[in-house]
There are 2 protein chains.
Amino acid sequence: MENEHYIRELINRLARLDAASAWQGNLNPAQRAVLSYLARANRFSRSPSHVAEYLGSTRGTVSQTFKSLVQKGYVIEQRSQTDKRAIHFDLTDKGARATDEPKLMSQAISKMTKRTTDGLTASLETLLLSLLAENGGRAFGICNQCRHFETRENGGHCTLLSEDLSSIEATKICNEQEPA
Amino acid sequence: MENEHYIRELINRLARLDAASAWQGNLNPAQRAVLSYLARANRFSRSPSHVAEYLGSTRGTVSQTFKSLVQKGYVIEQRSQTDKRAIHFDLTDKGARATDEPKLMSQAISKMTKRTTDGLTASLETLLLSLLAENGGRAFGICNQCRHFETRENGGHCTLLSEDLSSIEATKICNEQEPA
DNA sequence: ACTATTAGTATCGAGTCGAAACTATTGCAA
DNA sequence: TTGCAATAGTTTCGACTCGATACTAATAGT
């Protein structure tokens, strides 16, 4: 069927038009994508490797991107005590502010009916999962929708990492997430 | 509503994962996007300007991309007789072959139900139109769905450009298209 | 105690990208 | 018809992406 290619074209064109409008200020689309991931990821998932896997990129490329984000003050390095190889990056205030800048596409989406956006969300999620299954990628889903998540009084607990989680943290992306 | 950002994220992530798998062979994602547009556009719409507008890019950038596509033999230059400024590019056989190379995302899409893909197509189209309206972009729709199109015996006719169209050509993208 | 694996970085070359300057046409108006 | 503005395309610049590859340092497994 010809339709597969058409959907693919639509997605790529939409992303391209969005990227064109994402050049504002000091940032390019790739840098913005990293910032936006960082804002949504929990503290176990903010390393170069995780970003690279999430974005379908490589550690080398992402390492470069972090270098310029650090230089420009959007992000700060955080070395791990336990594993001296590991690093993760946190958003600075400037970085956090940059993640909610004007987005033409978000406006366009908000003009659609709830019915349409709900359907769109569901079918895009289906597609994403199917694509990830195809190339062995991980879902990077939300922490509290994970099979290793247990609800606690004020937040939750991860049975995989044996770590307590604040209620905010439980709503973020985790690289270890496996759908419940 | 938070959902707008989520849909935007999904589209960008999907496009990013697709781009990562589009590096195969001699081509990068941007070059592939140009090739793929060329394959779907009619003879009035294959110039650097049109490609740039379609992809949300600039003439300068697209000009660079065409330079390397020509060098690598995917595309040939075609100067216009009537307007000596104008150029358009045609796919070579090699270029045409490159447009239907294995695409992970197309496979993933073909695994979805017809019901889902139909809904997805419709909502992505709605979104695209809404986005284009927002930033004054043109639709680049299909020739025979245009208000300037008239059906003829073997093909059609464009009342805007006063040009006859083969039936194949009438199914292609036109930069002048205005929905009927 | 080795050795394999893992995390991250540096470097290379091709190419993207917006911005801006530039060339060659064509269109329009006085 | 001349004279300038608009249009089509190219070139150059600098920052950066990107995959590939080679590298360093730390940790894990045997």
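Sequence lines set the chain letters: A, B, ... in the order given, protein chains first and strands last, and positions in each chain run from 1.
- The side chain of A:Ser63 contributes no N or O atom lying less than 4.0 Å from OP1 or OP2 of C:dA10.
- Salt-bridge annotation for A:Lys114 and A:Asp118: present, with a side-chain N of the basic residue lying under 4.0 Å from a carboxylate O of the acidic one.
- For the residue pair B:Ser123 and A:Thr116, the shortest heavy atom distance occurs at CB-CG2, 3.7 Å.
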Go along nucleotides 17-30 of chain D 5' to 3' and tag each nucleotide: B for a protein heavy atom under 4.0 Å from its base, S when only backbone or sugar atoms are that close, - otherwise.
SBB-----BBS---
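- A side-chain N or O of A:Tyr54 and one of A:Arg40 form a donor-acceptor pair less than 3.5 Å apart.
- Separating the CD atom of A:Glu53 from the C1' atom of C:dA7 is a distance of 14 Å, rounded to the nearest angstrom.
- Salt-bridge formation is not detected for the pair B:Arg138/B:Glu178: no Lys NZ or Arg NE/NH1/NH2 atom is positioned less than 4.0 Å from an Asp or Glu carboxylate oxygen.
- Rounded to whole angstrom, the span from the CG atom of A:Leu27 across to the C1' atom of C:dT16 amounts to 17 Å.
- In terms of position on DNA chain C, the residue among B:Lys72 and A:Phe66 whose nearest nucleotide sits closer to the 5' end is A:Phe66.
- Dashed line: the shortest gap from a side-chain N or O of B:Ser49 to OP1 or OP2 of D:dG9 is under 4.0 Å.
- Between the C1' atom of D:dG9 and the CZ atom of B:Arg79 lies a distance of 8 Å, rounded to the nearest Å.
- Side chain to side chain, A:Gln177 and A:Gln145 fail the donor-acceptor criterion of an N or O pair below 3.5 Å.
- Between the CD atom of A:Gln78 and the P atom of C:dA7 there is a distance of 19 Å, rounded to whole Å.
- Per the geometry, CD belonging to B:Gln71 stands 11 Å off P belonging to C:dT16, to the nearest Å.
- The aromatic rings of A:Phe66 and A:Phe89 lie parallel to each other, their planes meeting at an angle below 30°, with 60° marking the opposite boundary.
- Distance B:Leu69 CG to D:dT10 P: 12 Å, rounded to the nearest Å.
- If you take CG of A:Asn26 and P of C:dG18, they are 16 Å apart, rounded to a whole angstrom.
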